[in-house]
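The structure under discussion appears below in the form of structure tokens.
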Amino acid sequence: MPFGNTHNNFKLNYKNEEEFPDLTKHNNHMAKVLTKEIYAKLRDKQTPTGYTLDDVIQTGVDNPGHPFIMTVGCVAGDEESYEVFKDLFDPVICDRHGGYKATDKHKTDLNFENLKGGDDLDPNYVLSSRVRTGRSIKGYALPPHNSRGERRAVEKLSVEALNSLDGEFKGKYYPLKSMTDAEQEQLIADHFLFDKPVSPLLLAAGMARDWPDARGIWHNENKTFLVWVNEEDHLRVISMQKGGNMKEVFRRFCVGLNRIEEIFKKHNHGFMWNEHLGYVLTCPSNLGTGLRGGVHVKLPKLSEHPKFEEILTRLRLQKRGTGGVDTASVGGVFDISNADRLGSSEVEQVQCVVDGVKLMVEMEKKLEKGEAIDSLIPAQNI
Amino acid sequence: MKTIYSRYVWRVFSSKRVDKIGFSTKPSRCADYFKAERVRTSFCCNWHYFLSHPRRVQLASTMPFGNSHNQLKMKYSAEAEYPDLSKHNNHMAKVLTQAMYERLRGKQTPSGFTLDDVIQTGVDNPGHPFIMTVGCVAGDEETYEVFKELLDPVIEDRHGGYKPTDKHKTDLNPGNLKGGDDLDPNYVLSSRVRTGRSVRGFSLPPHCSRGERRAIEKLSVEALGALSGDLKGKYYALKNMTEAEQQQLIDDHFLFDKPVSPLLLASGMARDWPDARGIWHNDNKTFLVWVNEEDHLRVISMQKGGNMKEVFTRFCTGLTKIEELFKNKGHAFMWNEHLGYVLTCPSNLGTGLRGGVHVKLPNMSKHSKFEEILKRLRLQKRGTGGVDTAAVGGVFDISNADRLGFSEVALVQMVVDGVKLLIEMEKRLEKGQSIDDLIPAQK
């Protein structure tokens with residue numbers, strides 16, 4: 001081989017059993033899949049940038065998991081991780097993404113015109129709408145693994161690309177490390193500011209190294225289109241606004257994303273994508289579309305209905321509190337978004353949200369009048 | 001087993017006092033380390049992706065092996081990779097210039113520890129306005145040699161001017177301690193001495209693999225299992241602990257928990273927790289060893305009351321026995337005549353010793369010259385909850401401020417003499433008398 005990875009080489013002095021992690025008390029996707037045999041097979045491999053199996057699984061070893069929430073427990077350090085360590089990633093992906101097979105193809109559809117409806121969600125119930133996704137830039141290692149030089153290069157490229165946007169997308173970049181107090185206050189008030197991760201899941205994967213170097217937030221003047229640079233992924237792209245016009249949010253999302261991708265391609269740095277995994281991101285849970293589209297919606301009665309969870313599952317939706325994942329809802333207001341990421345397109349996932357939320361608002365209205373909703377409940381998973 | 005995360009937040013090694021010693025001579029090479037390593041060169045990287053990948057990696061032409069991750073970074077200029085330390089206040093940030101970064105970034109130790117590994121904790125933790133943190137760690141014994149250009153000045157700054165040419169004296173003969181058995185128990189509530197030890201031939205906690213860590217645990221448990229007499233004891237592995245055992249260890253103030261300090265977490269010491277971590281203590285609960293926490297071994301001798309001599313005697317006897325047992329198994333402790341005992345954090349080099357007492361000094365602590373007196377006595381104060389805690393009810397943890405450049409006996413002597421004097425002063429102040437004639441000159 002033309003190069004080696006000393007640290008990993010050194011570990012090969014120890015037997016497989018000696019290095020294999022103790023996963024007996026673990027409950028995450030990695031721990032369910034990783035056997036001693038797979039560990040033995042993969043432990044001496046590395047990606048071209050030197051990412052090894054132990055790097056992939058460290059976060060899952062350090063965080064045994066939650067009894068109720070199944071965490072992923074592994075991350076990619078670069079695009080090649082998903083190939084070099086496919087013996088681990090394929091079954092994790094299959095388990096996490098509803099049986100997605102190693103031979104399946106993922107469809108990308110960012111044509112907002114294919115979305116039906118979505119412009120008439122009742123604003124008395126739907127308070128705000130939002131769509132987010134992530135993008136990785138080809139040719140650079142991912143946040144768990146990249147060096148300061150790489151991260152700064154990603155920032156530089158991103159800022160150039162974003163600053164060349166115009167019209168409704170014209171905006172400004174705020175690097176975290178040189179933000180003024182006034183700017184910081186404003187970004188917090190706008191609910192835009194992201195902070196150094198505190199979750200041990202992210203910290204153990206190495207994503208917070210060198211914080212806040214080369215991290216920042218870009219947003220357009222209208223404050224409806226926002227990009228996070230170098231947080232959990234190279235880019236996180238967010239389109240949002242008050243009210244229930246998801247169609248408009250999705251339109252802006254697609255148009256903005258496509259423009260950004262064009263500019264990156266001109267610089268010879270397209271986004272990481274392939275026809276099996278779709279958009280390649282740091283966490284396997286975000287593969288495919290990486291898209292989470294959702295609304296903040298008032299459903300005080302429906303949320304108390306015994307079939308609420310069942311309805312959400314059948315609609316392929318999930319609920320969160322309005323503070324984000326792991327928070328409780330306040331005042332009966334929920335964050336309702338698509339549950340899927342891989343195996344269905346962007347348009348399909350947002351369609352689920354639009355149709356599902358419309359139905360749930362109808363149900364809420366019926367419950368308000370004291371009427372039954374049984375006839376509205378979908379018979380099976382859509 | 002209920003998780004013991006954050007049940008008993010062990011004291012954080014975050015705030016080390018700024019004591020100045022320095023060091024100089026080259027640490028001795030550990031030949032057995034090189035013998036142990038067999039370099040495997042048969043990788044199975046995915047060739048397709050490598051060949052089609054736009055990135056190119058430089059070959060390590062002079063080294064017999066390379067470190068891909070570090071090689072990749074070499075594509076970027078030193079300036080592009082040099083960390084932004086403009087808002088930082090730690091020893092590493094004071095010393096590391098861009099030019100130094102450039103000179104050291106292509107290097108690595110035999111186990112592959114690189115400059116970025118050394119400094120990551122200091123980059124991630126800009127520091128405290130009042131407390132000067134170290135900001136760098138060692139991944140193995142050779143780190144202090146390969147990266148001496150950075151670590152020498154850090155050590156000099158931290159340890160009171162200790163030069164690269166200085167020699168450190170080790171003295172673990174308790175017979176050399178004068179007095180220490182008569183500290184007034186009305187004031188001194190408890191006495192304690194701790195240190196750390198690293199086992200030669202293994203990487204240190206920021207860098208070691210699970211295999212290495214488990215090997216250290218196995219060796220340690222075997223060695224400790226051979227102790228007898230009043231040192232006879234038992235090992236409690238963190239991951240197998242029963243609820244009852246856990247509760248007892250908490251009540252005894254013995255249990256250590258997964259580090260929560262970002263200083264420690266950023267250096268990688270908490271990886272794979274709680275695998276291969278554990279606590280050993282003797283039946284009398286006066287001698288305690290932590291395995292694989294911030295260092296390979298942390299050795300603690302403690303008891304209620306003010307008989308520091310007894311505490312120190314047990315400390316030395318136990319340590320010496322343990323060192324013998326390790327040597328018999330072919331594994332000495334990391335030590336050299338310049339740096340003394342080699343530990344993970346540069347602040348613990350030399351003796352790695354912190355000896356102290358919990359002592360009631362309510363009047364003394366309100367005296368305007370309290371800090372000055374401590375400084376002159378080469379002592380430091382902490383709250384009784386450990387470093388970074390406040391004193392409660394006028395009870396302070398008073399211990400030696402130095403680690404390197406003074407022997408173990410010398411440091412414990414300072415504690416013994418200093419605490420005796422502080423108690424005299426406290427008694428004077430109780431009677432409303434002045435203490436001016438007792439205030440010492442700088443030691």
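Throughout, protein chains are lettered first and strands after them, A, B, ... in sequence-line order, and every chain is numbered starting at 1.
- Only the side chain of B/Q120 comes within contact range of chain A, with heavy atoms under 4.5 Å apart.
- At distances below 3.5 Å, not a single donor-acceptor pair connects side-chain atoms of B/K239 with backbone N or O atoms of A/D22.
- For A/I57, the part sitting under 4.5 Å from any heavy atom of chain B is the side chain, from C-beta outward, and nothing else.
- If you measure heavy-atom distances from B/L85 to chain A, you find no contacts under 4.5 Å at all.
- Only the side chain of B/A215 comes within less than 4.5 Å of a heavy atom of chain A; its backbone N, CA, C and O stay farther away.
- Interface residue B/D116: only side-chain heavy atoms are found under 4.5 Å from chain A.
- With a 4.5 Å cut-off on non-hydrogen atoms, A/A153 touches chain B through its side chain but not through its backbone.
- For NZ of A/K138, the number of neighbouring non-hydrogen atoms (other residues, nucleotides, ligands) closer than 6.0 Å is greater than 12.
- When the shell of 6.0 Å around CD of A/E183 is examined, it contains more than 12 heavy atoms from other residues, nucleotides or ligands.
- In this structure, chain A has a heavy atom under 4.5 Å from the side chain of B/D275, while its backbone stays farther away.
- Counted within 6.0 Å of CD on B/E79, heavy atoms from surrounding residues, nucleotides or ligands total 12 or fewer; the atom is thus considered open.
- A/E150 and B/Y76 make their closest contact through CG-OH, 3.4 Å (heavy atoms, listed as atom of the first residue, atom of the second, distance).
- Within a 6.0 Å sphere centred on CD of A/E185, heavy atoms belonging to other residues, nucleotides or ligands number 12 at most.
- Look at B/R210 and A/D54 and you find a salt bridge, because one of the NZ, NE, NH1 or NH2 atoms lies within 4.0 Å of a carboxylate O, short of that distance.
- In this structure, B/K87 contributes its side chain and A/K177 its backbone to a donor-acceptor pair below 3.5 Å.
- Smallest separation of non-hydrogen atoms from A/S147 and B/K73: CB-CG, 3.4 Å.
- When all heavy atoms are compared, the tightest approach of A/R148 to B/Y101 is NH2-OH, 3.2 Å.
- Both the backbone and the side chain of B/R271 come within less than 4.5 Å of a heavy atom in chain A.
- Between atom CZ of residue A/R151 and atom CD of residue B/E81 there is a gap of 9.0 Å, rounded to the nearest 0.5 Å.
- The heavy-atom pair separating B/S209 from A/E19 by the smallest distance is OG-OE2, 2.5 Å.
- Within 6.0 Å of NZ in A/K265 there are 12 or fewer heavy atoms belonging to other residues, nucleotides or ligands.
- Residues A/K196 and B/D124 come closest through the heavy atom pair NZ-O, 3.7 Å.
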